[in-house]
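Residue numbering restarts at 1 for every chain, and letters A, B, ... go by the order of the sequence lines.
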There are 2 protein chains.
Amino acid sequence: MDVEQGPRRRQRRKEARPSEIIDAGLSLFSEHGFAGTRLEDVAKRAGIAKGTVYLYFPSKEALFEAAVKERIVSNMDAMGQLVASFEGTTAELLRRFFETIYTHMMEGDAGILMRILIGEGARFPHLIELHRKIAMQRGLETMKAMLKRAEARGELRIPAEDIDPRMIVAPLALFAIAKDIFPRDSIGTREDFIRRHCDLMLNGMLAR
Amino acid sequence: MDVEQGPRRRQRRKEARPSEIIDAGLSLFSEHGFAGTRLEDVAKRAGIAKGTVYLYFPSKEALFEAAVKERIVSNMDAMGQLVASFEGTTAELLRRFFETIYTHMMEGDAGILMRILIGEGARFPHLIELHRKIAMQRGLETMKAMLKRAEARGELRIPAEDIDPRMIVAPLALFAIAKDIFPRDSIGTREDFIRRHCDLMLNGMLAR
DNA sequence: CGATTTAATGACTCTATGGTCATTAATAGC
DNA sequence: GCTATTAATGACCATAGAGTCATTAAATCG
């Protein structure tokens with residue numbers, strides 16, 4: 001309403017702009033990729049003029065970088081917390097872990113950002129590096145901690161070092177990144193997906 | 001040599017051009033993404049002038065599409081053949097299956113193409129659709145056949161329908177697509193990777 | 001209620017590159 | 001060897017969109 005015919009255009013809202021611009025950028029990046037997104041459109045969606053974007057971010061790339069920092073790092077920390085404080089079986093921990101990832105990657109923005117990093121990352125070696133250090137490193141640490149914990153509790157079939165943590169999260173990560181290229185039949189409900197994913201990782205396919 | 005100071009520039013080689021151009025495009029797309037690749041550079045790498053590219057492909061997008069068709073479809077067929085003709089345990093079949101995928105995605109061009117589809121696919125709804133129909137559909141059929149076969153042999157712990165085939169190949173697919181964003185420590189040798197992947201999918205993590 | 005500060009604007013510039021096409025020359029046919 | 005055909009060329013055009021900046025006006029202050 002305020003936007004439609006509001007008497008006051010040209011509001012001065014220094015504090016609120018950055019995150020509004022990031023939100024607008026994120027939604028357009030996810031629709032059109034990085035190269036395919038026009039700063040003009042980001043501005044329009046944020047309800048401001050193009051020049052205003054440059055008041056807060058020195059370049060398109062800087063805007064993207066701010067989005068990555070804001071949305072991915074906190075997610076990794078959330079997972080670290082979960083593992084550090086959890087008491088219970090590994091099966092239950094893994095389920096909770098997957099739920100957290102699902103929330104951030106499938107329902108939040110982390111999946112979108114990773115998709116863009118993957119597809120257009122060649123353009124931003126700097127960003128890839130940042131992501132590797134800030135996000136990936138932490139995520140893998142957390143998963144290794146989870147495996148060590150399981151090993152210490154005598155729950156593992158094989159030594160913890162023989163399990164590549166990346167394999168465990170691969171299904172969730174892949175779908176978050178690539179759901180568009182899979183046949184459209186849904187991946188089912190959140191609960192269903194997580195249950196199947198857990199079961200496969202914990203017990204495998206084969207009868208014994 | 002021939003190129004360096006060769007007496008004959010401007011050779012007429014109608015037959016050889018298309019695949020040479022596709023090769024050049026593929027290598028540049030993988031380095032710079034789709035949007036980041038200049039047709040001028042593709043031409044240079046193929047040893048021809050920019051206009052010549054347009055003699056064989058009507059647009060940049062058409063060139064990319066040709067690459068997808070040529071490199072992905074045949075791969076899917078290779079996997080179908082394998083499953084249809086295999087005799088032996090599911091464990092062994094899965095290993096062979098993974099080897100085939102590894103060859104095409106990690107060592108061949110299929111991974112690169114999928115990475116670009118994912119990252120910049122919003123620009124080519126048509127291409128995503130093509131890929132879904134031509135490649136994904138076949139791949140999933142093949143995997144379902146493999147699961148049904150295992151079920152019929154009494155090797156499965158759970159009904160075949162309860163296993164999402166995409167989860168089984170997710171680790172390989174994810175690494176093929178996203179290896180750049182993971183920490184640089186290698187994923188190990190091909191054999192190692194496949195062995196671990198198989199073992200995890202077949203037997204899971206937990207002691208029983 | 002002026003005067004001052006600075007957030008916001010959007011018309012403009014400048015570059016990069018996808019795509020065109022008149023010209024050139026390599027081959028084929030005679 | 002001459003002519004016709006057409007593959008190959010690269011200078012050129014047109015456009016899009018990132019980034020700039022002189023101007024405008026909202027807030028602040030006295």
Side-chain angles (χ1 to χ4, degrees), chain A residues 2-3 5-26 28-29 31-67 116 120 122-124 126-127, chain B residues 2-3 5-26 28-29 31-67 116 120 122-124 126-127:
Chain A
D2 211 356
V3 175
Q5 285 296 348
R8 107 170 12 132
R9 297 162 310 147
R10 231 179 143 108
Q11 278 185 303
R12 299 173 63 145
R13 300 186 309 113
K14 197 179 178 181
E15 311 306 324
R17 296 299 186 208
S19 79
E20 289 176 4
I21 296 170
I22 287 177
D23 283 342
L26 229 26
L28 283 163
F29 286 147
E31 285 169 35
H32 308 117
F34 180 82
T37 295
R38 289 185 292 269
L39 259 276
E40 180 92 46
D41 292 341
V42 173
K44 193 179 294 170
R45 185 162 301 188
I48 57 180
K50 184 162 124 182
T52 307
V53 173
Y54 286 89
L55 242 43
Y56 297 96
F57 301 95
S59 70
K60 192 181 179 183
E61 186 175 338
L63 169 60
F64 183 71
E65 180 172 337
I116 293 169
E120 304 183 78
R123 284 280 190 79
F124 320 106
H126 160 248
L127 253 194
Chain B
D2 211 357
V3 176
Q5 286 296 349
R8 112 173 2 136
R9 296 162 310 146
R10 229 178 145 109
Q11 278 184 303
R12 298 171 65 142
R13 300 187 306 115
K14 196 180 177 177
E15 311 306 324
R17 297 298 186 210
S19 79
E20 289 176 4
I21 296 170
I22 287 176
D23 283 342
L26 229 26
L28 284 163
F29 286 147
E31 285 169 36
H32 307 119
F34 180 81
T37 295
R38 290 185 293 270
L39 257 289
E40 179 91 47
D41 291 341
V42 173
K44 194 178 296 173
R45 185 162 303 188
I48 57 179
K50 185 162 123 183
T52 307
V53 174
Y54 286 90
L55 240 45
Y56 298 96
F57 302 95
S59 70
K60 191 181 180 184
E61 186 173 339
L63 169 60
F64 183 71
E65 180 172 336
I116 293 170
E120 305 183 77
R123 283 279 191 79
F124 321 105
H126 161 247
L127 254 194

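You'll find the side chain of B:Leu28 reaches within 4.5 Å of the side chain of B:Glu31, heavy atoms only. Using a 4.5 Å heavy-atom threshold, the side chains of A:Lys60 and A:Phe34 count as touching.
Separating the NE2 atom in A:His32 from the CG atom in A:Asp41 is a distance of 7.5 Å, to the nearest 0.5 Å. A distance of 4.5 Å separates CZ in B:Arg13 from CZ in B:Arg17, rounded to the nearest 0.5 Å. One distance of note links CG of B:Leu26 with CD1 of B:Ile116; it measures 7.5 Å at 0.5 Å rounding. To the nearest 0.5 Å, the span separating CZ on A:Arg38 from NZ on A:Lys50 amounts to 10.5 Å.
With rounding to whole Å, A:Phe34 atom CZ is found 10 Å from D:dA18 atom C1'. Put simply, CG on A:Leu55 is 13 Å from C1' on C:dG10, counting in whole angstrom units. Between the CD atom of B:Glu61 and the C1' atom of C:dG19 there is a distance of 14 Å, given to the nearest Å. Residue A:Lys50 contributes atom NZ, which lies 10 Å from atom C1' of C:dA11 at whole-angstrom precision. One atom, CZ of A:Arg123, and another, C1' of C:dT17, lie 11 Å apart when rounded to the nearest Å. B:Ile21 has its CD1 atom 13 Å from the C1' atom of D:dT9, to the nearest Å. Between A:Leu63 atom CG and D:dA18 atom C1' the separation is 13 Å, expressed in whole Å.
The two residues A:Ala62 and A:Phe57 have their closest heavy-atom pair at O-CD2, 4.2 Å. Of all heavy-atom pairs between A:Ser59 and A:Tyr54, the closest is CA-CE2, 4.2 Å.
Proximity of B:Tyr56 to the phosphate of D:dA8: a side-chain N or O atom is located under 4.0 Å from OP1 or OP2.
Applying a 4.0 Å cut-off to non-hydrogen atoms, none of the residues of residues 37-47 of chain B approaches DNA chain D. Contact check of residues 12-20 of chain A against DNA chain C (heavy atom, cut-off under 4.0 Å) returns A:Arg12, A:Arg13, A:Lys14, A:Arg17.
Considering only side-chain atoms of A:Tyr54, the nucleotide from D:dT9, D:dT20, C:dG18 that sits closest is D:dT20.
A donor-acceptor pair under 3.5 Å is formed between the side chain of B:Glu120 and the backbone N or O of B:Ala35.
A:Lys60 comes within 4.0 angstrom of sugar-phosphate atoms only, judged by non-hydrogen atoms across all strands, and of no base.
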